[in-house]
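In this chain, residues are counted from 1 in sequence order.
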Amino acid sequence: MDGLKILGLAAIAAICFAVTIPKTEAQVSVNIGVAPECPYGYYDAPPYDCAPYGYYGPEWFTGGVFIGAGPWFHGPSNFHGKVNNSYHPEHGYKGPVPNRGEKPEPAKRVDSAHFKGNEERDGRGHASEPKR
């Protein structure tokens, strides 16, 4: 009988503790900072270095301003734009790239007449099938 009383008191104590424990909700916060300031855009994958002139096609720019890529992409959800991946380090490019904060050279306008794209990408870092 004493064992039953102890078991009953333990159960009541456990219920009291469970009722008085405050409930907490998990909060997840991700701070990616500001987008890199690059004259011809930045790569859409970490470490988000500046991309050289010729990597992005004209559809990646509005009024001469880069629409963003990766976590800072602010184009339409169904966006697909051409890139020249021969200017990407993952494809072996080791040539010069602009530094953050540099201004674009006036002679290097991003337009369809001078751009040679070989891959289509969405703004979030994924290669996509070309539109037909």
Side-chain angles (χ1 to χ4, degrees):
M1 201 62 169
D2 286 331
L4 193 56
K5 286 181 185 177
I6 292 174
L7 184 62
L9 288 174
I12 291 171
I15 291 171
C16 289
F17 283 122
V19 171
T20 60
I21 294 175
K23 292 185 177 167
T24 59
E25 293 184 28
Q27 292 182 353
V28 176
S29 176
V30 177
N31 185 0
I32 57 171
V34 297
E37 189 177 325
C38 299
Y40 309 110
Y42 47 86
Y43 294 116
D44 54 8
Y48 305 107
D49 290 331
C50 291
Y53 171 76
Y55 178 71
Y56 284 107
E59 61 271 9
W60 291 86
F61 298 85
T62 300
V65 177
F66 184 60
I67 63 169
W72 303 280
F73 178 71
H74 53 270
S77 62
N78 62 347
F79 176 83
H80 293 90
K82 297 228 185 257
V83 299
N84 184 341
N85 67 14
S86 62
Y87 287 115
H88 199 291
E90 291 176 358
H91 292 271
Y93 182 71
K94 294 185 183 355
V97 295
N99 293 314
R100 292 179 184 210
E102 282 186 19
K103 301 297 178 208
E105 296 177 33
K108 293 183 174 178
R109 270 193 45 217
V110 180
D111 59 21
S112 57
H114 299 101
F115 178 71
K116 306 286 186 257
N118 61 6
E119 182 177 75
E120 194 168 277
R121 300 182 72 77
D122 67 12
R124 292 158 191 86
H126 306 101
S128 59
E129 294 294 321
K131 295 178 192 173
R132 296 185 192 264

Side chains of Tyr53 and Pro104 in contact at under 4.5 Å (non-hydrogen atoms): no
Of all heavy-atom pairs linking Pro52 and Val97, the shortest is CD-CG1, 3.9 Å
State whether the side chain of Tyr42 and the backbone N or O of Ala69 hold a donor-acceptor pair below 3.5 Å, judged by distance alone. yes
Report yes or no: does Tyr93 contribute a side-chain atom to a donor-acceptor pair with the main-chain N or O of Asn85 at less than 3.5 Å? no
Would you check if Cys38 and Tyr48 make a side-chain contact, meaning some heavy-atom pair closer than 4.5 Å? no
Please list, chain by chain and in numerical order, all residues satisfying salt bridge (charged side-chain N to carboxylate O under 4.0 Å, His left out) with Asp44, sequence neighbours excluded. Arg121
Plane angle bin for Tyr56 and Phe66 - parallel if under 30°, tilted between 30 and 60°, otherwise perpendicular: tilted
Between His88 and Tyr55, how do the two ring planes meet: parallel, tilted or perpendicular, split at 30° and 60°? tilted
For Glu102, enumerate each residue passing the salt bridge (charged side-chain N to carboxylate O under 4.0 Å, His left out) test, keeping only those at least two apart in sequence or located in another chain. none
Specify the closest pair of heavy atoms between His74 and Gly68, including all atoms of both residues, with the distance to one decimal. CE1-N, 4.1 Å
Is the closest side-chain heavy-atom distance between His80 and His126 below 4.5 Å? no
With clusters defined by side-chain heavy atoms of hydrophobic residues (ILVMFWY) lying less than 4.5 Å apart, directly or transitively, does Tyr43 cluster with Phe115? no
Mind listing the side-chain donor-acceptor pairs of residues 57-64 below 3.5 Å, one per line with the distance, residues two or more places apart or on another chain?
from: Glu59; atom 1: OE2; to: Lys82; atom 2: N; distance (Å): 2.3
from: Trp60; atom 1: NE1; to: Lys82; atom 2: O; distance (Å): 3.0

If you look at every heavy atom in Pro98 and Pro39, which pair is closest and at what distance? CB-CG, 3.6 Å
Side-chain contact test, heavy atoms from C-beta onward, threshold under 4.5 Å: evaluate it for Ile67 versus Phe73 and give yes or no. yes
Can you measure from CD (Glu119) to OG (Ser86) and round to the nearest 0.5 angstrom? 10.5 Å
